Structures are given as C-alpha cells and as structure tokens.
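For reference, the structure discussed in these notes is given below.
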Amino acid sequence: MKKALNSPASIDELMQRAESMAGLTLGQLANYHEIEMPKDLKRHKGWVGQLIELELGALAGSKPEQDFVHLGVELKTIPVSRTGKVLETTYVTVAPLTDIQGLTWQNSVVCHKLQQVLWIPVQGDRDIPLAHRQIGSPILWRPSAEESYLLQQDWEEIMEFISMGQVNKVTARHGEVLQLRPKAANSQVLTDSIGKDGQLTQTNPRGFYLKTQFTQRILSQLL
DNA sequence: ACGTGATCATCT
DNA sequence: AGATGATCACGT
C-alpha cells in the first residue's frame with residue numbers, strides 16, 4: 001500500500017474528505033488510488049483500514065499514537081451490515097502487562113486514543129464482493145461523561161487483574177464496553193507479564209477491544 | 001517480538 | 001446469530 005503524501009490540516013478538512021468518500025465503493029476508491037484489491041479479506045484483514053488511511057492522509061506507521069496526532073484524532077474503520085449493524089469488535093491498542101505501577105486511566109493509551117475518534121462505517125457483509133462494499137458517512141465521536149465512566153471502570157477492573165498477576169483469569173466476558181482479548185500472530189507468541197508474587201512470567205499478548213454493542217450505540221445515536 | 005491495520009473461525 | 005479466542009499481513 002502506498003503511503004499517504006498529504007495529511008489534512010484541520011478537523012474540518014478531514015471531515016470534508018471523509019464525507020466525500022461516503023457512498024463510494026471500495027472498488028472505486030481502490031481504482032482511484034491504483035491499489036490492487038484482494039478477492040476477500042481472509043489474508044488481508046487490514047486492507048480496508050489501510051485504504052481508508054491512504055484516502056484520508058493518515059500518517060502511516062505502527063506507533064501507539066493517534067492517526068492524526070496534530071488533530072488529536074484516531075481513525076477507525078468499522079464493518080457494518082447492510083442494515084447498519086456493527087459486525088465486529090474494535091481493536092484499540094495492546095495492553096501493557098508489565099511496568100504498570102502508577103498507571104492511571106487518565107494517562108493510559110486507551111484513554112488517549114479514544115479522546116476523539118473518526119469512525120468510518122464500511123459494509124462488511126461477507127456476501128458482498130469487496131469491490132462492491134459501500135463506504136458510509138463518517139462520524140466524529142468524543143466519549144460522553146457516561147461513556148468515559150464505563151470505559152474507565154472496565155479498564156481499571158482489567159488492569160487490576162493484570163497488576164495482580166491474574167491476566168490469565170481475564171476473559172473477553174469481563175467488562176461492559178471494553179474487553180481484553182488475545183492480540184498476536186498466534187496463540188504461541190509470548191511476551192512478559194506479571195506473574196505470581198509480582199515476579200515476571202510470560203503470556204500471550206493481549207489487546208483492548210470495544211464491544212460491538214458499545215460501538216453500535218455510538219454509531220446509532222449519531223446517525 | 002511489538003504495535004499497527006483488523007477479520008476469521010469456531011463454539012455456544 | 002453473536003461473541004470469544006485465534007489469526008493474518010506489514011513495518012520496524
């Protein structure tokens with residue numbers, strides 16, 4: 001995927017560019033950028049996100065920061081059905097499993113990334129050919145006081161387990177809106193984590209994800 | 001291995 | 001059908 005050359009200078013410009021994509025298909029956008037399109041996403045899971053990043057001028061890279069640092073905006077493409085139902089959870093960031101003493105919600109990466117999110121709904125029904133999937137209207141979201149509260153509660157509960165060496169006791173069922181799930185090439189990958197008695201051990205890397213019902217509320221209330 | 005972009009595949 | 005745990009590709 002080619003790297004974006006220009007980045008929007010303001011949120012207004014970003015939103016205008018996002019709104020101009022609405023109604024286009026992935027095929028049209030890929031053709032415009034002369035990007036090859038895979039048959040499906042089985043081996044190209046991040047393809048849609050990369051295409052949208054290219055169109056909007058997101059700064060490429062794998063840094064744990066917002067996509068538009070100068071605007072304070074995180075970009076998320078979200079697969080939805082024909083009827084607008086959210087089809088997948090939303091990855092936020094990897095979870096810190098060591099050196100977390102003193103870490104608070106307010107200075108966590110999850111909190112920072114979710115300060116302001118530009119949601120780009122894209123049809124994700126597997127029976128719609130990739131080229132025919134339509135891009136929806138963008139939604140710029142800032143968490144409400146209640147949403148922030150829910151996120152903080154879940155984050156603190158999960159981080160408490162991690163700090164106590166109980167990360168292996170946390171499942172995706174914990175948390176009302178934010179959940180912890182594996183995030184790695186496969187289940188054999190290991191990374192350092194806090195173990196019994198505060199000693200270092202190893203475990204499968206985890207990531208924070210937004211649950212679909214939470215994301216659905218965000219998209220619905222603003223549509 | 002880590003962090004980004006996420007969706008897949010299976011089980012309930 | 002929906003959610004959980006697992007997985008795929010890429011740049012560094």
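Predicted model only: the values in this text are computed from it and were never measured. Each chain gets a letter, A, B and so on, in the order the sequences are listed, and its residues count up from 1.
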Are A:R126 and B:dC8 close enough that a side-chain N or O sits under 4.0 Å from OP1 or OP2?
-> yes
Which atom pair, heavy atoms only, marks the closest approach of A:R82 to A:Q123?
-> CA-NE2, 4.4 Å
Of A:A184 and A:V86, whose nearest nucleotide on DNA chain C comes first from the 5' end?
-> A:V86
When you get a sec, tell me which of C:dT4, C:dA6, B:dC8 is the closest nucleotide to the side chain of A:Y209?
-> C:dA6
So, is A:Q213 near the phosphate of C:dA3, with a side-chain N or O under 4.0 Å from OP1 or OP2?
-> yes
Which listed nucleotide (C:dG5, B:dG3, C:dT4) is nearest to the side chain of A:P64?
-> B:dG3
How long is the line joining CG of A:L178 and P of C:dA3, in whole Å?
-> 15 Å
Between B:dA6 atom P and A:W119 atom CH2, what is the distance in whole Å?
-> 10 Å
So do A:V80 and A:D125 actually touch side chain to side chain, heavy atoms under 4.5 Å?
-> no
Name the nucleic acid region contacted by A:Q216, choosing base, sugar-phosphate or nothing; use a 4.0 angstrom heavy-atom cut-off, strictly under.
-> nothing
Which listed nucleotide (B:dG5, C:dA6, C:dG2) is nearest to the side chain of A:K85?
-> C:dG2
Does OP1 or OP2 of B:dA6 have a side-chain N or O of A:Q50 closer than 4.0 Å?
-> no
No-hydrogen, no-angle side-chain donor-acceptor test under 3.5 Å, A:Q152 and A:E156 = yes
Taking C:dA9, C:dT4, B:dC8 as options, the one with an atom nearest any side-chain atom of A:L41 is B:dC8
Side chains of A:T215 and A:W119: closer than 4.5 Å at any heavy-atom pair?
-> yes
Take atom NE2 of A:H174 as the centre, draw a 6.0 Å sphere, and report whether it contains more than 12 heavy atoms from other residues, nucleotides or ligands.
-> yes
State, with a plain yes or no, whether a side-chain heavy atom of A:P8 is found less than 4.5 Å away from one of A:F68.
-> yes
Spacing between A:L210 atom CG and B:dT7 atom C1', to the nearest angstrom | 16 Å
Any Lys/Arg nitrogen of A:K76 or A:E74 sitting under 4.0 Å from an Asp/Glu carboxylate oxygen of the other?
-> yes
A:L75 CG to B:dT4 P, in whole Å, measures 14 Å
Taking C:dG5, B:dT7, C:dA6 as options, the one with an atom nearest any side-chain atom of A:T171 is C:dG5
For A:A172, answer base if it contacts any base atom (sugar-phosphate contacts may also be present), sugar-phosphate if it contacts only those atoms, and nothing otherwise; contact means non-hydrogen atoms under 4.0 Å.
-> sugar-phosphate
Identify which nucleotide among B:dG3, C:dG5, B:dA6 has an atom closest to any side-chain atom of A:K183, counting heavy atoms from C-beta outward.
-> B:dA6
Under 4.0 Å between a side-chain N or O of A:R43 and OP1 or OP2 of C:dT7?
-> no
Please walk me through it: do A:H112 and A:Q66 pass side chain to side chain donor-acceptor pair (under 3.5 Å)?
-> CA-CA 8 Å; A:H112 281 127; A:Q66 291 154 314; over 6 Å; no
Provide, to the nearest angstrom, the distance between the CD atom belonging to A:E176 and the C1' atom belonging to C:dA3.
-> 14 Å
Confirm from the modelled atom types if A:K63 and C:dG11 form a donor-acceptor pair under 3.5 Å, side chain to base only.
-> no
Roughly how many Å is it from CZ in A:F208 to P in C:dT4, rounded to a whole number?
-> 15 Å
Output the single nucleotide from C:dG2, C:dC8, B:dG5 whose closest atom is nearest the side chain of A:D67.
-> B:dG5
Which protein N or O atoms sit under 3.5 Å from an N or O of nucleotides 10-12 of chain B?
none

With respect to the phosphate group of B:dA6, does any side-chain polar atom (N or O) of A:T90 fall under 4.0 Å of OP1 or OP2?
-> no
Verify whether one side chain among A:T171 and A:R181 offers a donor that lies under 3.5 Å from an acceptor in the other.
-> no
Taking the side chain of A:K42 as heavy atoms from C-beta outward, which of B:dA9, B:dT7, B:dG3 is closest to it?
-> B:dA9
Starting from the 5' end of DNA chain B, give me the residue, A:P79 or A:Y91, whose nearest nucleotide shows up first.
-> A:Y91
Rounded to the Å, how far apart are A:K39 NZ and B:dT7 C1'?
-> 19 Å
Look at the side chain of A:K45 and the base of C:dT7, then say whether one donor and one acceptor between them are separated by less than 3.5 Å.
-> yes
Quick note, A:E88 side chain, CB onward, closest among B:dC8, C:dC8, B:dT4 is B:dC8
Spacing between A:R133 atom CZ and B:dT7 atom P, to the nearest angstrom = 9 Å
With the side chain of A:T212 defined as its heavy atoms from C-beta on, choose the nearest nucleotide among C:dA3, B:dG5, C:dT4.
-> C:dA3
When we call it a touch if two heavy atoms are under 4.0 Å apart, what does A:L87 touch: a base, just sugar-phosphate, or nothing?
-> nothing
Residue met sooner reading DNA chain B from 5', once A:T191 and A:V48 are mapped to nucleotides | A:T191
Would you say the side chains of A:T212 and A:Q216 form a donor-acceptor pair under 3.5 Å?
-> no
C:dT4 phosphate, OP1 or OP2: any side-chain N/O from A:T89 under 4.0 angstrom?
-> no
